[in-house]
Protein chains: 2
Amino acid sequence: MATSRKAALSERPAAPAGRRPPGRTAPKARLSPAERERQIIDGAIAYFSEVGFSGQTRELSKRLGITQPLLYRYFSSKQALIERVYQTVFEGRWNPAWVSLMRDRSIPLRERLVEFYRQYSAATYRPDWLRIYLYAGLSGPVLNQRYINHIQRELLPVYCREVRHYCGVESPDLPVAEEEIEFVWSLHGGMFYYAVRQHIYLLPMRVEFMRKVETAIDNFLAGARVTYPRLIASLHGAAAAPAARRRR
Amino acid sequence: MATSRKAALSERPAAPAGRRPPGRTAPKARLSPAERERQIIDGAIAYFSEVGFSGQTRELSKRLGITQPLLYRYFSSKQALIERVYQTVFEGRWNPAWVSLMRDRSIPLRERLVEFYRQYSAATYRPDWLRIYLYAGLSGPVLNQRYINHIQRELLPVYCREVRHYCGVESPDLPVAEEEIEFVWSLHGGMFYYAVRQHIYLLPMRVEFMRKVETAIDNFLAGARVTYPRLIASLHGAAAAPAARRRR
DNA sequence: AGTCTATATTATCGCTTGCTAAATAAACAA
DNA sequence: TTGTTTATTTAGCAAGCGATAATATAGACT
């Protein structure tokens, strides 16, 4: 990400590379393939997130300060570049430490959730990520399915077990049910839609994000104290009956 | 443009249905301008919601069973057609009765909310609406801003006052604050994201929508009983202090 | 029927777009 | 220096696209 900023700054050099002062980063001249590739990907993320994937390769190359055929030396087709953009954005911004954070019972659950959304929003609730995420979803569900499934398998079950613990209804033997996953999706969805309103619809947000996060988490947890035990009980009733039968 | 206006004006009793070759449904015959226009718009909604607004007019006309130049007899440009699609989708599916429903205290608030989401989801949480809504937001924020502002001004303040009533903290003099609006957005956002996962990402939803709605509303209201009075109190503290001074 | 008007089609223009081949020039090795 | 390599540019094709003018024809009216 720091690299993306750096690359963005080095756009639009004036002089057509004539000489190369030693020790100075030449703005436009020959770059090493790795460097150039990186620059193209970063530029493509910025460009496509702005105009969508129907944006033209000529305009992209113009913004990069290179000619359009050069793109095809590094990517065999526009589609190949697009898929590289997807991959970079989706796989590059997930932090596995978030799962550990969520599991860390030395911190009150409320604070864990607040801290998680602070970090998660800093990584993904940004215009480029959100726009590419939505463009991707509209052009084909596969990548978003993978992303959602990742969250649903890695993060949310932990989330659920911690909410169980918080509500005093720990059932280590009872696997996390779909109803529970869906239950915590509600909280997550509220945050996501805030980000969409802010960064995609560009609405003036009159309540700061972290303040909203705290309010939403407080309400979620206060409600969970009441409704989560009921939810677990209904699952026990439905799931434990056959299990009990098996036990006999 | 002139042609499309003119065509729209000559809105004859439509359905000329009398002149049909006996025993054979004429597939491609001349239609009245109103009929043809309607057909094009409906086809455009289906087509663009599927492939996005960069879809080609030739392919659209093919699906409609007409030739491509005919589109230009009814719409001066592709952009004009697109804007007509926006207008039809966004303005055509909002039901003002939802506001009255939300205000109807002869029904318990929980049931009002459930019923609202039953109706609202039937109208808007559908692939075509959601896709056009997202495509629109990505190509420019104006229309979505208008839609969100509509919800935010017409529906959510009512929503908030009913939640106040539910939580026993009615303050008719205290205008609905931004914090309260944002508070109820959380609930709404959770529903929206469910719809996106279902209809855009095409994920297998293992908890039925209305069941999720009930769980989410129950949790929202149970939490509100605890947190909403605190929220209102903090607003009173901030807003009523000057008012109290005035009272003296 | 025959006439006329507006609907619909055929043919095509001009521009854009993804992509490629050949030419150019910067870096490097001898 | 000279030669080799390869990053980069110049030039351009072929298909696709929005849009228009000219032409044909369905259907209403007398």
Side-chain angles (χ1 to χ4, degrees), chain A residues 13 15-40 43-44 47-48 51-83, chain B residues 1-22 24-40 43-44 47-48 51-83:
Chain A
R19 64 238 149 138
R20 179 75 88 99
R24 191 104 152 275
T25 43
K28 187 181 178 177
R30 289 163 68 113
L31 291 185
S32 79
E35 248 180 308
R36 182 65 81 192
E37 185 180 281
R38 184 53 172 259
Q39 182 203 24
I40 290 175
Y47 176 61
F48 288 135
V51 307
F53 290 104
S54 50
Q56 308 89 7
T57 56
R58 277 177 173 82
E59 178 61 25
L60 167 60
S61 67
K62 205 167 164 184
R63 293 199 189 190
L64 288 165
I66 62 176
T67 56
Q68 183 245 14
L70 188 55
L71 297 174
Y72 289 85
R73 188 175 184 81
Y74 293 90
F75 299 92
S76 60
S77 68
K78 185 186 176 185
Q79 194 55 35
L81 172 57
I82 288 175
E83 263 148 37
Chain B
M1 184 142 65
T3 45
S4 106
R5 258 174 83 96
K6 188 177 170 191
L9 282 174
S10 71
E11 193 152 337
R12 285 179 233 186
R19 196 69 205 103
R20 285 275 193 266
R24 239 256 220 78
T25 40
K28 253 174 151 173
R30 289 163 67 114
L31 292 186
S32 81
E35 246 180 308
R36 182 68 79 193
E37 185 180 280
R38 187 61 196 206
Q39 182 203 22
I40 292 175
Y47 177 61
F48 288 135
V51 307
F53 290 104
S54 50
Q56 308 90 7
T57 56
R58 277 178 173 80
E59 177 62 24
L60 167 60
S61 67
K62 205 168 165 183
R63 293 199 188 190
L64 287 166
I66 61 175
T67 56
Q68 181 243 11
L70 188 55
L71 296 174
Y72 290 85
R73 187 173 186 84
Y74 292 89
F75 300 92
S76 61
S77 67
K78 185 185 177 185
Q79 194 54 37
L81 172 57
I82 288 175
E83 264 149 37

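Order of the sequence lines sets the chain letters (A, B, ...), proteins ahead of strands, with each chain counted from 1. Quantities reported herein were computed from a predicted structural model and do not represent experimental measurements.
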Asks: Which whole-number value in Å describes the distance from B:L64 CG to C:dT9 P?
Replies: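 Rounded to whole Å, this separation is 11 Å.
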
Asks: Could you report the tightest heavy-atom contact between A:V51 and A:G55, atom names first, then the distance?
Replies: CG2-CA, 3.7 Å

Asks: Round to the nearest Å and state the distance from B:L31 atom CG to C:dT7 atom C1'.
Replies: 9 Å

Asks: Measure from CG on B:L60 to C1' on D:dA19 and round the result to the nearest Å.
Replies: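 It works out to 15 Å between those atoms.
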
Asks: Provide, to the nearest angstrom, the distance between the CD atom belonging to B:E37 and the P atom belonging to C:dA8.
Replies: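 The distance from CD of B:E37 to P of C:dA8 comes to 12 Å, rounded to the nearest Å.
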
Asks: Could you measure the distance from the CZ atom of A:F53 to the CD atom of A:E83? Nearest 0.5 Å is fine.
Replies: 10.0 Å

Asks: What contact category does A:P69 fall into here, base, sugar-phosphate, or nothing, at under 4.0 angstrom with non-hydrogen atoms?
Replies: base

Asks: What integer distance in Å separates B:L71:CG from D:dA19:C1'?
Replies: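 B:L71 atom CG is separated from D:dA19 atom C1' by 11 Å.
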
Asks: Are any non-hydrogen side-chain atoms of B:R38 and B:E35 less than 4.5 angstrom apart?
Replies: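 They are not in side-chain contact.
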
Asks: Report, one line per pair, each donor and acceptor closer than 3.5 Å where one atom sits in a side chain of residues 64-77 of chain A; sequence neighbours left out.
Replies:
from, atom 1, to, atom 2, distance (Å)
A:Q68, NE2, A:T57, OG1, 2.9
A:S77, OG, A:Q79, N, 3.4
A:S77, OG, A:A80, N, 3.2

Asks: When rounded to the nearest 0.5 angstrom, what distance separates CD in B:E37 from CD1 in B:I40?
Replies: 7.5 Å

Asks: Using a cut-off of strictly less than 4.0 Å, decide whether B:R73 has a side-chain nitrogen or oxygen near OP1 or OP2 of C:dA6.
Replies: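 Result: no.
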
Asks: Can you check the A:Q39 CD to D:dA7 P distance for me, whole Å?
Replies: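 A:Q39 atom CD is separated from D:dA7 atom P by 14 Å.
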
Asks: Got a sec, which pairs hit salt bridge (Lys or Arg N to Asp or Glu O under 4.0 Å) with one end in residues 60-70 of chain B, sequence neighbours left out?
Replies: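 Applying salt bridge (Lys or Arg N to Asp or Glu O under 4.0 Å) to every pair that reaches into residues 60-70 of chain B, excluding sequence neighbours, yields B:E50-B:R63, B:E59-B:R63.
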
Asks: What is the distance, rounded to the nearest whole Å, between atom CD of B:Q79 and atom C1' of D:dA19?
Replies: 14 Å

Asks: Can you tabulate the close N/O pairs, meaning under 3.5 Å, that link protein atoms to atoms of nucleotides 16-18 of chain D?
Replies:
from, atom 1, to, atom 2, distance (Å)
D:dC17, OP1, B:Q56, NE2, 2.3
D:dG18, OP1, B:K78, NZ, 2.9
D:dG18, OP2, B:T57, N, 3.0
D:dG18, OP2, B:T57, OG1, 2.9
D:dG18, N7, B:R58, NH1, 2.7
D:dG18, O6, B:R58, NH2, 2.9

Asks: Taking atom C1' of D:dA19 as reference, at what distance in whole Å does atom CG of B:L70 sit?
Replies: 14 Å

Asks: Identify which nucleotide among D:dT10, C:dA8, C:dA26 has an atom closest to any side-chain atom of B:Y74, counting heavy atoms from C-beta outward.
Replies: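 Looking only at side-chain atoms, B:Y74 lies closest to C:dA8.
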
